[in-house]
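Counting convention: from 1, in listed order, for ligands and their atoms alike. Side-chain atoms are counted along with the backbone in the values below, which use heavy atoms only and exclude waters and symmetry mates.
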Amino acid sequence: MSDVIPAGTAHGGQLLDLYAQGEALVAAKEQAKTNLSWDLSKRQMCDIELLLNGAFSPLNGFMNEADYNAVLDSMCLADGTLWPMPITLDVSASFAQQLSPGQTITLRDAEGVVIANMTVSDCWRPDKAREAQAVFGSEKDCHPGVHYLQAEAGEYYVGGSLVGVTPPLYYDFKQYRDSPRSLRKKFAEWGWSKAIALQTRNPMHRAHVIMTKRLMAENNANFVIHTAVGMTKPGDLDHYCRVRCYEKVLKRYPQGSAQLSLLPLGMRMAGPREALWQAIIRQNYGFTHFIVGHDHAGPGLNDEGCAFYEPEASQQLVQSYQAELGIKILSAPFLLYAQGREEFCEEGQLLPGEEGLYISGAELREILKRGDPVPDWFAFPEIVEELQHTMPPRAKQGFTVFFTGLSGSGKSTLANGLMVRLRERGGRHVTLLDGDVVRKNLSSELSFSKEHRELNIQRIGYVASEITKNGGVAICAPIAPYIAGRRSVRNLIEGVGTFIEIHVATPIEVCEGRDRKGLYAMARAGKVKGFTGIDDPYQEPENPEMRIDTSQYEMAEAIDIVVARLEEIGVI
Ligand code: PPS
């Protein structure tokens, strides 16, 4: 098949297709029956799809250690090819122990379907702090990419080449799901010779349409909303709603000039490095132009309220590689709304004393959650209607209240009291996931090791997210002693409703004095090992929605204070 679109692949070579055909496919399926298997995580599913369909050309599998090190150090593979992002298969220590070079393993999806076979080249334990610094420029857990790396990715990486067996199966929006080959074919069918890609994980509004129409005219090119639908930033609007919004916004472009295509990208939110990586991927898809935006692929603000990356850093980095890229980089202007003139302009074009209005994605979600009107200058009415439908005000959404604190701090009492108050008010379905009760019903086989505690919290988070997603109220009351586990739960819940973390900050002397179960005494006597606060750490929450020390109040008063805080947040 010849490409009408002139862009070659990013490395100037052939677009890879790692799927086996004919006899090779039969052999791969046969081999899979006896191979050691690894079940791919959600992010690994995103990566493998783009490896197998050539979107990550020239990679022919998960990176080996030499490529990984070169990418961290120089944003190039070991052979010098430009590639800024590590694409690694992370596994558990127990799985890694079973591997040896040359062995073939089978990679399956969550339901056990064989996706690919992989010939192992090497297996190593990465220095994750080094990777976090190199890729994200940060080791902060509040950066979603760092959190994923440190708290969710396995301890070992396995490199090796892939033979694809089954493409990941989708039931949603199949007409928009393109491989690099199928999108290039569509470009040919549409008669396009130039195509601009817009990377986005948010709905599009008036400024986006003005900006993209301007770039289309300046470059005499057509346009695709090439939206990331794999893993985006935790808390983002789901892709179902976004696709409905994109379908509507496309009607604002001259007919046939703009299209929609879904990219199953596992975003890292790595800012500049990610922008460069995304440009290479778009070149592999056959795009001739790629828009790099303001704070492109940035994760927003850190826990001190500062941006992780300079707003222009992505544009500067990608532009600096323009000579090596076959795709033309278009730096998107950051448009502000000049209210007096009722038009959008760049910051530098504002008149003296004129204020430029702007609403970020996070601010828009906040407006919707408060149930406030979305300004007409900002968004099209048909998009607002869609967003309001998907994201009703907080008081109508599900939410999770997550009490965390030492044993004896008063978590269970507060949680029970809150449950009763909410039931008295009526109108909400409330589920209590108390630490002890969960341990009996969900986690009876788990110990109090760090690994098992995190697993226990993950299970609570999963159940709470399902309850929240379906409009209910989940009240959780485990010790949850580690920051990383609590962050994972927050990430899970914030995509489907509101997460309220309450640190029950009763001093340990008071908790120990209460010692209702006699466990502190046993821990002091060495009869219970790894007891939180005695010989196992409790990492205090850094930015909880609320802190309360139950030794300062009568219990009924403490419950009143919690209820008042929920009212203030707007969930009740
Ligand atoms: S965790 O860390 O979140 O998984 O703990 P959790 O599931 O909430 O269980 C805490 C209750 O288990 C009892 N218990 C211990 N707690 C802490 N450390 C050790 N080693 C331990 N062994 C048993 C204890 O009674 C906790 O109950 P609460 O209600 O918090 O007092």
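Remark: Arg242 is not positioned above the aromatic ring of Phe173, lacking an NZ or CZ atom under 6.0 angstrom from the ring centre and at most 45 degrees off the axis. Figure legend: Arg490 and Phe499 shown without cation-pi pairing, the cationic atom not lying both under 6.0 angstrom from the six-membered ring centre and within 45 degrees of its axis.
Qualifying side-chain contact (heavy atoms from CB on, under 4.5 Å) partners for Ser161, counting only residues two or more places apart in sequence or in other chains: Asn60, Thr119.
With values rounded to the nearest 0.5 angstrom, Arg108 atom CZ is found 9.5 Å from Thr166 atom OG1.
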Starting from the N and O atoms of ligand 1, collect every protein N/O partner closer than 3.5 Å and put each pair on its own line with the distance to 0.1 Å.
| from | atom 1 | to | atom 2 | distance (Å) |
| --- | --- | --- | --- | --- |
| ligand 1 | 2 (O) | Arg453 | NH1 | 2.8 |
| ligand 1 | 3 (O) | Ile479 | N | 3.3 |
| ligand 1 | 3 (O) | Ala480 | N | 2.8 |
| ligand 1 | 4 (O) | Arg439 | NH2 | 2.7 |
| ligand 1 | 4 (O) | Asn456 | ND2 | 2.9 |
| ligand 1 | 7 (O) | Arg439 | NE | 2.7 |
| ligand 1 | 7 (O) | Asn456 | ND2 | 2.9 |
| ligand 1 | 8 (O) | Ile479 | N | 2.9 |
| ligand 1 | 18 (N) | Arg453 | NH2 | 3.1 |
| ligand 1 | 18 (N) | Thr532 | N | 3.4 |
| ligand 1 | 20 (N) | Gly530 | O | 2.9 |
| ligand 1 | 25 (O) | Lys517 | NZ | 3.0 |
| ligand 1 | 27 (O) | Lys517 | NZ | 3.0 |
| ligand 1 | 29 (O) | Lys517 | NZ | 3.1 |
| ligand 1 | 30 (O) | Lys411 | NZ | 2.9 |
| ligand 1 | 31 (O) | Ser407 | OG | 2.5 |
| ligand 1 | 31 (O) | Lys517 | NZ | 3.2 |

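In this structure, Asp47 pairs ionically with Arg268, as a charged nitrogen and a carboxylate oxygen lie closer than 4.0 Å.
Taking the six-membered ring wherever Trp is involved, the centroid distance between the rings of Trp124 and Tyr156 does not fall below 6.0 Å.
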